[in-house]
Amino acid sequence: MMKLAHTPIQPFQFLEHSLWIKRDDLLHPHFSGNKARKFSALLAAKSSLYTRLIGYGSPQANSLLSMAALANMKGWQLEFYVDHIASHLQQHPRGNYAHALALGAKIIAMDTLATQLNCHDYIEQVRMVADDAQQCVFVPEGGRCQLAYQGVAQLADEVINWQRITAQATTVFLPSGTGTTAFFLHRRFLERGVDIEVVTCAAVGGCSYLQMQFKQLGAASFGMPHIIELPKKFHFGKPYLECYRLWQAVKQSSNMDFELLYDPIGFMALQQWLAKPRLRQIVYLHQGGLIGNESMLPRYQRKFGL
Ligand SMILES: Cc1ncc(COP(=O)(O)O)c(C=O)c1O
């Protein structure tokens, strides 16, 4: 049986702090972490509704692998658009890219098509008006769409059930990319009237980008999660020695494994947040993504000779 929900919340030794951790990394590795949540509505959809799943992003994106696995399970063809595929990766497929190919994904590089449009506009303006568009379902980058609400609400409900037993005010902390997971958690907690706050940080694009994402997802009606701003800007996907060192320290203190794109930024923000005493119990949301380390770790090793 594929595990796609109902993960445990366990004690989490984050450096010298005793916190809790929601183990969404224990979900099936193809959907590890938030993709199982974001795609749960599609996972539950009738296979006969569509023939093709269409998405875009980076050739090493976690969402590429999850969409490939989803399409494979449903008997759909995944068409995944990327700007460019580095020749090194084409010759030596690894990580999410390799796993997605093995699951039958069709990965299309924009620089091989005769168009000036970016992936998103190409899909909307060209691909989704083709003859077979009725049978295609388009999921924007990182699963940023209302379709994701159902599954993230289920995740929120699992946290609510746990919090009821502990009977304590709670903070859920998670690093954000598109902000979809953080925002829909926040929305669900608000809708259910529980005392659980969502605190996050921007691993992609900075605070104002994240605020903009929250606005697009519905912040005018629901407000938005609290964002911790880091004093230094980290470029998404670029290896930083301090990120690696902190990632290692947390792995050691917690005896758990984490991914290298979002978690280290999350750890920095959490460390900053914990510099002041906090009265609420804190649950770190482990969003999986460990398969991405197959490509990130060698990059760290090459760059810093680790
Ligand atoms: C491991 C991991 N953590 C965090 C995120 C960020 O999630 P969101 O885009 O919902 O903010 C992602 C991307 O989906 C991810 O793969």
Side-chain angles (χ1 to χ4, degrees), residues 7 21-41 55-70 80 95-97 99-100 139-156 172-188 198-207 209-219 224-228 234 236-237 243 247 250 256-270 284-297:
T7 51
I21 188 160
K22 173 80 172 152
R23 298 290 309 272
D24 267 13
D25 56 313
L26 298 179
L27 296 172
H28 190 279
H30 284 162
F31 297 98
S32 107
N34 63 18
K35 302 305 175 300
R37 308 296 190 171
K38 285 179 176 174
F39 296 157
S40 98
Y56 68 94
S58 129
Q60 283 297 12
N62 295 324
S63 56
L64 165 57
L65 172 61
S66 304
M67 290 179 81
L70 170 63
F80 196 85
N96 289 322
Y97 178 77
H99 290 282
V139 175
E141 188 170 20
R144 178 171 49 84
C145 55
Q146 296 297 325
L147 255 180
Y149 179 69
Q150 178 182 316
V152 178
Q154 161 68 30
L155 165 62
V172 173
F173 179 88
L174 70 161
S176 282
T178 64
T180 310
T181 313
F183 182 79
F184 286 152
L185 281 174
H186 168 84
R187 173 178 155 189
R188 182 68 167 185
V198 179
V199 176
T200 188
C201 63
V204 179
C207 276
Y209 161 81
L210 187 55
Q211 279 168 342
M212 202 175 73
Q213 299 292 313
F214 288 154
K215 282 181 190 148
Q216 282 180 12
L217 288 162
M224 57 175 81
H226 178 78
I227 304 173
I228 299 172
F234 292 91
F236 185 67
C243 287
W247 173 80
V250 178
M256 287 176 204
D257 205 1
F258 294 91
E259 56 84 63
L260 277 157
L261 286 171
Y262 297 90
D263 283 325
I265 305 295
F267 295 156
M268 267 181 216
L270 188 54
Y284 186 86
L285 177 61
H286 194 324
Q287 299 175 86
L290 291 174
I291 291 177
N293 288 2
E294 285 177 23
S295 53
M296 272 312 276
L297 260 179

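Atoms within a ligand are numbered from 1 in the order they appear, just like the ligands themselves.
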Among non-hydrogen protein atoms, atom 2 (C) of ligand 1 lies closest to Y262 CD1, 3.4 Å

A student checking ligand 1 against G179 at a 4.0 Å heavy-atom cut-off should list atoms 8 (P), 9 (O), 11 (O)

Numbered in order shown, the ligand 1 atoms found under 4.0 Å of a heavy atom of G288 are 1 (C)

When distances are taken from atom 6 (C) of ligand 1, the protein heavy atom at minimum range is G177 N, 3.3 Å

In this structure, atom 14 (O) of ligand 1 is nearest to the protein heavy atom K35 NZ, 2.6 Å

Only one of R37, H286, Q287 passes side chain to side chain donor-acceptor pair (under 3.5 Å) with D24, and that residue is R37

the protein heavy atom lying closest to atom 9 (O) of ligand 1 turns out to be T178 OG1, 2.6 Å

So the atoms of ligand 1 within less than 4.0 Å of a heavy atom of T181 turn out to be 7 (O), 8 (P), 10 (O)

Is there side-chain contact between L155 and T181, with heavy atoms separated by less than 4.5 Å? yes

Atoms of ligand 1 under 4.0 Å from any heavy atom of N34, numbered from 1 in the order shown, are 4 (C), 5 (C), 6 (C), 7 (O), 10 (O), 12 (C), 13 (C), 14 (O), 15 (C)

- Pair K35-S63, side-chain donor/acceptor within less than 3.5 Å: no

For C243 and I265 the tightest heavy-atom approach is SG-CD1, 4.1 Å

Within the 4.0 Å heavy-atom cut-off, what K38 brings close to ligand 1 is side chain

Answer with yes or no whether Q213 contacts ligand 1, where contact means a heavy atom under 4.0 Å from a ligand atom. no

**Message:** Under 4.0 Å, counting heavy atoms only: does A182 come that close to any atom of ligand 1?
**Reply:** no

F39 and S66 have their tightest heavy-atom pair at CE1-CB, 3.7 Å

If you scan protein heavy atoms around atom 16 (O) of ligand 1, the nearest is N62 ND2, 2.8 Å

Between Y262 and A203 the two heavy atoms that sit nearest each other are CD2-CB, 3.7 Å

- Start with the C-alpha gap between V152 and R188, add the side-chain angles, then the distance that decides, and say whether side-chain contact (heavy atoms from CB on, under 4.5 Å) holds. CA-CA 8 Å; V152 178; R188 182 68 167 185; over 6 Å; no

Looking only at heavy atoms, the pair that brings S176 and T200 closest together is OG-OG1, 2.7 Å

